[in-house]
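Here is the structure we will look at.
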Amino acid sequence: MSTMWQGCLAHTDYFVMRSSGGHDYGIWVTTPPNYDPAAAQAPVVYVLDGNWTVGMTAPPIVTQLDPLQPIQPYVQVSVGYAGKEAERWEELRNRDLVPPGEPIAKEYIDAVETGVESGVMTRGQADAYLAELGDSRADMFLDFITDDLHPRIERDYSTAPSGHGLFGYSYGGLFSLYAWLTKSTFFESIGAGSPGVLNSDSQVFALLEAMGDTQPATKLHVTFNDREILGDLAVYQNLSKNVATFLHRLTSRGGSVTSALMHETHVTGLQISFLSYLRTCRAQ
């Protein structure tokens with residue numbers, strides 16, 4: 001498996017790691033061109049949903065050599081699922097990326113039911129998909145990244161002791177907001193692309209309220225897409241409205257946050273949102 005991924009993605013290693021909670025994760029580690037940690041160590045950028053995102057986010061690591069807009073060196077670590085579980089990544093991400101106690105929006109359930117009616121998923125797949133949301137554990141997954149995975153990356157790839165980043169999209173973006181609100185001192189910058197804040201009672205609002213006027217020093221960059229706002233799908237309309245509300249509440253408290261509107265759909269916005277994060281938070 002490692003050899004295959006090295007052949008498909010330049011400068012990329014692959015391994016499987018078990019969390020302290022007993023879950024296995026597929027890990028892709030992409031080092032920058034000509035990386036020599038003996039000369040200069042690079043920080044880590046963690047990218048979520050590796051089974052979907054690695055092919056679109058790992059190749060842009062060459063932007064570190066872009067003479068027109070160079071990006072600070074970083075080692076990319078994409079986190080996903082391994083073996084048979086890789087086939088269930090869309091289900092398992094609900095467990096790992098959604099904050100504990102996050103309410104399930106009616107519009108989200110309706111969208112899943114529409115998927116069953118249209119034949120996109122079976123009834124069994126839909127039930128399993130929604131069941132993972134009933135016991136969501138973003139807290140455990142965040143601890144896996146910072147406490148289990150990172151020490152191994154730091155040891156094996158001689159990465160820098162600080163300056164690390166995190167990027168997530170959709171529910172991964174919701175996880176990014178959760179990380180910013182709860183454990184942001186580990187990261188220097190966090191990118192949240194089209195965060196899956198699907199309910200006005202989302203945990204991120206409660207966490208923001210509990211934070212008060214003391215905002216994290218970690219840079220936060222949020223993107224969302226105009227087709228989400230202007231399209232006719234209620235689940236994406238709610239996402240846009242709730243993300244805008246989160247941004248308004250944050251900036252009204254004097255919070256330092258950057259944001260950008262992408263001209264994409266929810267599905268096509270991933271790579272451009274990642275590039276927006278790199279350009280905004282990690283430019284040289």
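Checked by atom type and distance alone, the side chain of Ser189 never pairs as donor or acceptor with a backbone atom of Lys219 at under 3.5 Å. Side-chain N or O atoms of Thr268 include none that pairs as donor or acceptor with a backbone N or O of Glu264 at under 3.5 Å.
Minimum interatomic distance between Ser176 and Gly168 (heavy atoms only, all atoms of both residues): OG-N, 3.2 Å. Residues Ile61 and Gln76 share a closest heavy-atom pair of CD1-N, 4.2 Å.
At a threshold of 4.5 Å between non-hydrogen side-chain atoms, the residues Val44 and Val29 do not count as touching. Side-chain contact between Val204 and Leu177 is present, with at least one heavy-atom pair separated by less than 4.5 Å. No side-chain heavy atom of Gln72 sits less than 4.5 Å from a side-chain heavy atom of Gln64. Looking at Arg249 and Phe205, their side chains come closer than 4.5 Å, going by heavy atoms from C-beta outward. Taking 4.5 Å as the limit, some side-chain heavy atom of Thr251 sits within range of a side-chain heavy atom of Val257. Using a 4.5 Å cut-off on side-chain heavy atoms (C-beta onward), Phe175 and Leu48 make contact. Here the side chains of Pro73 and Tyr35 are not in contact, with every heavy-atom distance at 4.5 Å or above. Side-chain contact between Thr146 and Phe187 is present, with at least one heavy-atom pair separated by less than 4.5 Å.
Under a cut-off of 6.0 angstrom, the local environment of CZ in Arg227 is sparse, with at most 12 non-hydrogen atoms contributed by other residues, nucleotides or ligands.
The cluster map of Ile, Leu, Val, Met, Phe, Trp and Tyr, joined by side-chain heavy atoms under 4.5 Å apart, puts Phe15 and Tyr25 in the same cluster. A continuous path of Ile, Leu, Val, Met, Phe, Trp and Tyr side chains, each step under 4.5 Å between heavy atoms, connects Leu142 with Met211, placing both in one hydrophobic cluster. Leu247 is connected to Leu207 through a chain of hydrophobic side-chain contacts under 4.5 Å among Ile, Leu, Val, Met, Phe, Trp and Tyr, so both are in one cluster. Hydrophobic clustering, with ILVMFWY side chains joined whenever heavy atoms are under 4.5 angstrom apart, groups Leu261 together with Leu239. There is a path of hydrophobic side-chain contacts, each under 4.5 Å, that joins Leu230 to Leu198.
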TODO: Could you go through the side-chain hydrogen bond (donor to acceptor under 3.5 Å, both in side chains) check for Ser276 and Ser273 one step at a time?
DONE: CA-CA 5 Å; Ser276 180; Ser273 294; over 6 Å; no
Open item on the list: For Val222 and Thr258: C-alpha separation, side-chain torsions, deciding distance, then whether side chain to side chain contact (heavy atoms under 4.5 Å, CB included) applies.
Closed with: CA-CA 6 Å; Val222 179; Thr258 55; over 6 Å; no
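Between Phe186 and His150, the angle of the ring planes goes over 60°, which puts this pair in the perpendicular group of the 30/60° scheme.
Looking at Asn225 and Ser194, their side chains do bring a donor and an acceptor atom within 3.5 Å of each other.
The aromatic ring centres of Phe167 and Tyr46 sit 6.0 Å or more apart. Ring to ring, Tyr277 and His221 are not that close: their centroids are 6.0 angstrom or more apart. A ring-centre distance under 6.0 Å is found for His266 and Tyr169. Centroid-to-centroid, the aromatic rings of Tyr14 and Trp28 come within less than 6.0 Å.
With salt bridges taken as basic N to acidic carboxylate O contacts below 4.0 Å, none links Asp96 and Arg137. The pair Glu117-Arg123 fails the salt-bridge criterion, with no side-chain N (NZ, NE, NH1 or NH2) lying under 4.0 Å from an Asp/Glu carboxylate O.
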Can you give the donor-acceptor pairs under 3.5 Å from side chains of residues 154-163 to other protein atoms, not counting sequence neighbours?
{"unit_1": "Tyr157", "atom_1": "OH", "unit_2": "Asp13", "atom_2": "OD2", "d": "2.8"}

